[in-house]
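Structure record follows, encoded as structure tokens.
Chain A is the first sequence line, chain B the second, and so forth, proteins listed ahead of strands; every chain is numbered from 1. Treat the numbers as computed from the prediction; the structure is a model and nothing was measured.
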There are 2 protein chains.
Amino acid sequence: MKRHPLVEPFWRSQAHFCAGSLPVDLSPELKAGVAAHVAATIELRKGETLIHTGMPYQHIYLVTGGAFKSVQLGEDGQSQVISFHWPREFMGLGGFSRRSHTTDLVALTTPALVCEFPIHAFDARTTVASPLLALLLEYVSEGLAQAEYDQFMLGSLSATQKISSFFLQTQHKLRRAGMNADVFELPMTREEIGSYLGLTMETVSRLLTHLRVHGVAEVDKKWVRILRADILHAWQVDGDERFLGHRPGPVLGAGHCDFRKDAA
Amino acid sequence: MKRHPLVEPFWRSQAHFCAGSLPVDLSPELKAGVAAHVAATIELRKGETLIHTGMPYQHIYLVTGGAFKSVQLGEDGQSQVISFHWPREFMGLGGFSRRSHTTDLVALTTPALVCEFPIHAFDARTTVASPLLALLLEYVSEGLAQAEYDQFMLGSLSATQKISSFFLQTQHKLRRAGMNADVFELPMTREEIGSYLGLTMETVSRLLTHLRVHGVAEVDKKWVRILRADILHAWQVDGDERFLGHRPGPVLGAGHCDFRKDAA
DNA sequence: CGGTCGCTTGATAATCGTCAATTGATGTGG
DNA sequence: CCACATCAATTGACGATTATCAAGCGACCG
């Protein structure tokens, strides 16, 4: 991987570059405060691993270009993709307690770009910059909320619902990254999509032809054109009766109901 | 729910009570610092809902007694249990970005106890207490790491592996709570276990009899005695060839491999 | 005592995984 | 530059893990 330590043309300085990839709804002061801590910008090529599970927890990363996958490793040799990362997203946020990285981070494109932040910049002992800590807290918390939804998806949705959910999520991430969300190139293989959704490569392939046949999307190799996002929304909720018949899954009748009486 | 606002017998003060349920590996100063922010202790009864999804994000909760479930709600009416919470665990950590609660929190026992912390105590604008923020960051990050593992479990493990994983996780949580991890009472129904594992009630029931038949655990109604944790560990990794034949699941060959060459 | 709830067990079936063959794209070496 | 190998993707046939449907049973509660 290519590390760019310090000297750079002016308007291409790391801080400036990184600040441009921070979330949009952020005060200029905070953007500057965050960007000031960039340790390096790193460029990877497809297939290269930025972080291995278990490595000492020294940096977190902001995607500034391309795309990445997070991979959770099982005890033997299995592994599963647990999320895809697009520009403006932070990666590697699960290690603040265990002090080591909890997933592999692998580049899906050439090039793939990240800004590297030393976590000691957020250490309570070395900084009084509470606003930065609070900001980081929000990002980690958002990652948790996203992971909770993914749990729901994996446990309760049918294959058709999962694919619909995947494309809608991808569209959302592409928009946030400032990219075209209607015509785009998937940076990951069918197998990686399947791993993320808890399905096999073959099932993903069949689902994609299903989308094509029903005019929901054009799919040619890695290129996708979303034609009917409305149908995706409908299928995400209802599934599609006519294909791989929807699986209602373990549905639970919402936490019983409220409390019965408010003692004292 | 029963709220205990302030006055209490001395050694039963909220702060003291709460501090006793904080993680063990915490400096006394931090414990005191955290405990000082307790707004109230709340007592719930089985089935009562502490928090509804979407409620304004004003508090987070530390379990001090009993048990809870977090429930993720789908767009229509489906719902899924995404985690169980035992004493010494924080709940409701997924809302710092969206400013609203992301799950329902429901009591599973009578009584069920929590300490309530106002999130403005961790607000960067109202506090300079960076150490508290950093601590909170660790808890949220740990929750994220746990959710990532749950994703792996839901997507890659067979039913037998899931049940084994569930019991080992429960043992771990019971130990951390200072309770007996070999003989205990499950506070949740089969259906709730199934929801968490992405299985049906019936499958969970069959898996439990399977554990009983193979001498791995005694299971009588809600009471469980773990006899062979070693077998649980083995089944968590390998599955059990002889039962609901193990499903290898979508296994991915670990992020290709390393990077090929380190440019410059 | 009747009714509901949680649990168990059995029979059946379906969603999706497995296995296999084929094609096209990519890349490498001779 | 082409043969060859490898990989990604598609499609079909088949099978299995697990869901669904159904019945029964004990416990708890009003």
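- With C:dG6, D:dA9, C:dG17 as the candidates, the nucleotide lying closest to the side chain of A:Thr203 is C:dG17.
- Applying the 3.5 Å distance criterion, the base of C:dT18 shares a donor-acceptor pair with the side chain of A:Arg206.
- Five base pairs at each end of the helix from C:dC1-D:dG30 to C:dG30-D:dC1 define two local axes, and these are offset by 40° (rounded to 10°).
- For the pair B:Met201 CE and D:dT18 P, the interatomic distance rounds to 17 Å; values are reported in whole Å.
- Side-chain N/O atoms of A:Arg212 include one lying less than 4.0 angstrom from OP1 or OP2 on D:dT10.
- The only member of A:Leu108, A:Val219, A:Val224, A:Leu208 that meets side chain to side chain contact (heavy atoms under 4.5 Å, CB included) when paired with A:Leu186 is A:Val224.
- No donor-acceptor contact under 3.5 Å links the side chain of B:Glu191 to the base of C:dC5.
- Put simply, the side chain of A:Ser195 never gets that close to the backbone of A:Glu191: no donor and acceptor are under 3.5 Å apart.
- Residue A:Lys222 places none of its side-chain N or O atoms closer than 4.0 Å to OP1 or OP2 of D:dA8.
- To the nearest 0.5 Å, atoms OG1 (A:Thr109) and CE (A:Met188) are separated by 10.0 Å.
- With hydrogens and angles disregarded, a donor-acceptor distance shorter than 3.5 Å links the side chain of A:Asn180 to the backbone of A:Val183.
- Between B:Thr189 and C:dC5 there is no side-chain polar atom (N or O) within less than 4.0 angstrom of OP1 or OP2.
- Residue A:Leu211 contributes atom CG, which lies 11 Å from atom P of D:dT10 at whole-angstrom precision.
- Note on A:Arg190: a side-chain N or O is less than 4.0 Å away from OP1 or OP2 of D:dA9.
- When rounded to the nearest whole Å, the span between CD1 of A:Ile163 and C1' of C:dT15 equals 15 Å.
- Without hydrogens or angle criteria, A:Gln161 side chain to A:Val237 main chain gives a donor-acceptor distance under 3.5 Å.
- Residue A:Glu192 contributes atom CD, which lies 14 Å from atom P of D:dC7 at whole-angstrom precision.
- Between A:Glu43 atom CD and A:Thr64 atom OG1 the span is 9.5 Å, to the nearest 0.5 Å.
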Test log, rule side chain to side chain contact (heavy atoms under 4.5 Å, CB included), inputs A:Lys162 and A:Thr203: CA-CA 11 Å; A:Lys162 284 174 175 176; A:Thr203 301; over 6 Å; no
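- Atoms CG (A:Asp220) and C1' (C:dA25) sit 12 Å apart, rounded to a whole Å.
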Protein and nucleotides 26-30 of chain D: nitrogen or oxygen contacts under 3.5 angstrom:
none

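- Ranking C:dT18, C:dC16, C:dT8 by closeness to the A:Ala159 side chain, first place goes to C:dC16.
- B:Ile193 places its CD1 atom 8 Å from the P atom of C:dC7, with the value rounded to the nearest Å.
- Taking atom CD of residue B:Glu202 and atom P of nucleotide C:dG10, one finds them 13 Å apart after rounding to whole Å.
- Proximity of a side-chain donor or acceptor of A:Ser70 to a complementary backbone N or O of A:Ile82 within less than 3.5 Å is not detected.
- When rounded to the nearest whole Å, the span between CG of B:Leu157 and C1' of D:dT18 equals 15 Å.
- The CD1 atom of B:Ile163 sits 5.0 Å away from atom CG of B:Leu207, with the distance rounded to the nearest 0.5 Å.
- Nearest nucleotide to the side chain of A:Ser205, out of D:dC21, C:dT18, D:dT11: D:dT11.
- Annotation: the span from A:Ser164 atom OG to A:Ile231 atom CD1 amounts to 9.5 Å, rounded to 0.5 Å.
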